[in-house]
Amino acid sequence: MAIIPSLPYTLESIAYASALGLLSMGLSLTFATTRVANFAHADFAMVGSVVMLFLIDRFYYLHHGWGVFLTGSIVGGIFGGITGLLTYLIVLKPLADKGTSSLGLMIATFGIDIILMNLLTLILDTAHGVHIPKLIGASVSSYEPILSLRGYRVFGYTIVLPIAAVLLTVIFHLFLTRTKFGIAMRATIENPDLASVLGVNVNLVYMVSWFFSGFLAGVAGALMAFAFKGVDPAVSALIIVSVFAGSIVGGLESVYWGLIGGFLVGLVEKLGMTIINSIYRQYFVLHLGAPNVSLLNYEKLLSLGLVVIVLLYAPQGLAGVDWGRLARRLGLKKPVEGGG
Amino acid sequence: MPGEDIVRVEGLNAGYGRFHILFDIDLDVSRGEIFVIVGPNGSGKSTLLKTLFGLTKVYSGRILFEGHDITRMPPHARAKMGLAYLPQVGNVFSELSVAENLKMAGYTLDSSVLDEKIREVLEIFPFLKDKLNAKAKTLSGGQRQLLAMAMALIREPKIFMFDEPTAGLAPKAAQEVVDRILWLRRELGKTVILVEQNAKLALEIGDRAILLVSGRIAFKGKASELLSDKELGKRYLGLKG
């Protein structure tokens with residue numbers, strides 16, 4: 001057994017990491033704007049997954065080949081965005097207006113998580129023609145294109161997810177830096193009182209951030225439906241752990257670092273654990289007689305371990321690291337001359 | 001018209017929640033003057049400025065701006081009426097570039113009007129031209145104060161309320177800020193309310209002044225009179241006779 005993962009598995013890991021990156025970016029965005037640690041964020045992704053499933057199930061004649069990714073992502077993203085917006089408007093804003101603390105709002109998102117998870121399960125259970133057992137099989141991936149690369153079968157979503165992550169990040173970056181509303185959004189994140197005094201509709205900024213956060217999650221969820229070979233809303237409970245890990249590694253308040261944090265956590269979980277598992281099985285099981293178990297189910301140990309390590313050395317996450325200083329200490333950059 | 005009251009405060013009692021800070025404040029600020037508020041640490045100077053801008057809780061009394069009662073008006077509405085409040089910290093967006101800060105200052109203006117206003121303030125503060133793409137956090141303390149002043153100018157306020165604008169600045173930078181405050185009054189005829197820890201500096205440039213002690217007015221009159229009052233100066237302002 002090779003220690004280095006195969007090409008398809010590496011691509012699947014990068015795709016998973018890209019999806020986590022999008023999810024952590026969205027989580028960091030709503031935390032930065034409204035100070036809510038949203039435990040229902042992975043359910044927004046599940047909304048995207050369910051939408052992708054319905055499109056495949058009901059509109060297959062319109063929705064197949066590479067187009068399945070585009071239509072599914074856009075519609076799934078919009079539904080995810082609407083779910084995010086409604087979560088803010090119906091639950092979080094009224095609570096915040098009554099003076100509920102950040103802790104109270106966070107606990108409210110636990111409730112939203114359970115409600116959404118059960119609603120989605122109910123929808124899947126009752127929808128005509130769509131049944132969970134059918135979806136758990138290979139039914140979804142049979143609708144996507146499969147490429148042949150270096151003799152390997154490569155699933156289409158593994159190519160599309162990283163491209164979608166890069167594209168959405170570029171679009172979001174341009175929105176934040178080139179549009180008046182995007183600049184107002186950054187200003188509001190930094191100092192909502194000053195932004196308000198200057199005439200920014202801070203509540204509208206919050207609404208847009210919740211929609212966009214849900215949109216990113218919806219896109220990630222729609223494409224992740226192919227990775228999970230179907231949809232099980234209960235998976236959100238597992239994903240949210242990794243999403244939070246990604247945001248915390250990134251620094252929780254930085255949108256871009258949230259993306260990087262999520263990506264790193266995804267890679268560590270998938271590629272890192274596969275490599276560790278291969279080493280364990282090749283050396284410890286074969287030569288030392290260690291218990292013959294697969295370590296792949298313990299991937300969260302790695303992501304949470306990464307959180308602990310990052311917090312120990314960089315309490316503000318990767319966003320708080322002085323990268324210039326670090327590079328100088330590692331000899332990668334010339335020291336500043338004339339410093340005291 | 002110069003000389004008429006632009007701000008009038010009557011029997012004002014205010015604070016933060018249950019913490020009563022200001023007691024029975026009565027004052028009037030004339031259009032076009034530099035009105036100075038001085039006092040020892042914790043006397044309520046900054047609280048008075050914040051109260052004028054609607055950032056504290058008013059228990060009783062009223063605040064009139066150009067004859068209109070603004071006591072219960074939210075800060076953004078006061079900003080629209082022509083009040084500009086420049087806090088000691090947090091008066092610019094550190095993570096935004098200078099150009100973005102200026103754009104934010106005119107957020108509610110049409111883009112063509114805003115572009116024109118930005119051109120005007122860049123003529124007034126030419127050092128900003130070279131720093132348009134630099135993040136505000138890279139500016140020195142004095143430059144940040146001047147950027148905040150430029151941002152306020154874009155909104156064309158009638159009155160500028162400065163909270164310790166020279167705090168923590170090197171003498172040269174502090175002098176530049178003071179010069180600009182004098183320029184606002186001299187060239188643009190703006191009214192200025194100035195809260196300053198450096199009482200001597202403030203009283204030298206001010207027209208009229210109040211001395212706050214424990215949230216109450218201990219002196220009200222000409223700035224030059226307070227500056228020459230050795231007893232009050234020595235006891236409350238640390239001025240040497």
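Numbers restart at 1 for each chain; the letters A, B, ... are given by sequence-line order, proteins then strands.
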Would you check if the side chain of [X] reaches a backbone N or O of [Y] as a donor-acceptor pair within less than 3.5 Å?
X: B:Lys135; Y: B:Val98; value: no
X: B:Arg78; Y: B:Ile70; value: yes
X: B:Glu116; Y: B:Val113; value: no
X: B:Arg185; Y: B:Lys190; value: no

Proximal component of [X], with respect to chain A [non-hydrogen, under 4.5 Å]:
X: B:Phe53; value: side chain
X: B:Leu114; value: neither
X: B:Asn101; value: neither

Check: So do the side chains of B:Pro165 and B:Gln88 get within less than 4.5 Å of each other, counting heavy atoms only?
Finding: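 The answer is no; the side chains never approach within 4.5 Å.
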Side-chain donor-acceptor distances from residues 31-41 of chain A under 3.5 Å, at least two apart:
{"residue": "A:Thr33", "atom": "OG1", "partner": "A:Leu29", "partner atom": "O", "Å": "3.0"}
{"residue": "A:Thr33", "atom": "OG1", "partner": "A:Thr30", "partner atom": "O", "Å": "3.3"}
{"residue": "A:Thr33", "atom": "OG1", "partner": "A:Ser209", "partner atom": "OG", "Å": "3.0"}
{"residue": "A:Thr34", "atom": "OG1", "partner": "A:Thr30", "partner atom": "O", "Å": "2.7"}
{"residue": "A:Thr34", "atom": "OG1", "partner": "A:Trp210", "partner atom": "NE1", "Å": "3.1"}
{"residue": "A:Arg35", "atom": "NH1", "partner": "A:Glu253", "partner atom": "OE2", "Å": "3.2"}
{"residue": "A:Arg35", "atom": "NH2", "partner": "A:Glu253", "partner atom": "OE1", "Å": "2.9"}
{"residue": "A:Asn38", "atom": "OD1", "partner": "A:Ala40", "partner atom": "N", "Å": "2.9"}
{"residue": "A:His41", "atom": "NE2", "partner": "A:Leu23", "partner atom": "O", "Å": "2.9"}

Next item on the list: Report the C-alpha separation of B:Arg31 and B:Glu66 in whole Å, then their side-chain angles, then the decisive distance to 0.1 Å, and conclude whether the salt bridge (charged side-chain N to carboxylate O under 4.0 Å, His left out) test is met.
Entry: CA-CA 9 Å; B:Arg31 198 180 292 276; B:Glu66 294 187 319; 3.1 Å; yes
Next item on the list: Verify whether one side chain among B:Thr56 and B:Thr51 offers a donor that lies under 3.5 Å from an acceptor in the other.
Entry: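 Checked: B:Thr56/B:Thr51 side chains pair up, N/O donor to acceptor below 3.5 Å.
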Next item on the list: Could you check A:Leu216, A:Val243, A:Ile260 and say which one makes a side chain to side chain contact (heavy atoms under 4.5 Å, CB included) with A:Met25?
Entry: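 The passing option is A:Leu216.
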Are there residues of [range] that reach to under 4.5 Å of chain B by heavy atoms, and which ones?
range: residues 89-110 of chain A; value: none
range: residues 186-208 of chain A; value: A:Arg186, A:Ala187, A:Glu190, A:Asn191, A:Leu194, A:Ala195, A:Ser196, A:Val197, A:Leu198, A:Gly199, A:Val200
range: residues 164-173 of chain A; value: none

Next item on the list: Show your working on side-chain contact (heavy atoms from CB on, under 4.5 Å) between B:Leu188 and B:Trp183 and close with a plain yes or no.
Entry: CA-CA 7 Å; B:Leu188 304 179; B:Trp183 174 88; 3.7 Å; yes
Next item on the list: Could you please spell out the steps behind the salt bridge (charged side-chain N to carboxylate O under 4.0 Å, His left out) verdict for B:Glu100 and B:Lys103?
Entry: CA-CA 5 Å; B:Glu100 288 171 337; B:Lys103 277 182 192 162; over 6 Å; no
Item checked: Intermediate values then yes/no, side-chain contact (heavy atoms from CB on, under 4.5 Å), A:Leu312 and A:Val308 -> CA-CA 6 Å; A:Leu312 275 175; A:Val308 172; 4.1 Å; yes
Margin query: Among B:Ala77, B:Ser94, B:Ala79, B:Ala84, which residue has the highest count of heavy-atom pairs closer than 4.5 Å to chain A?
Written below: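 When all of B:Ala77, B:Ser94, B:Ala79, B:Ala84 are compared, B:Ser94 has the most.
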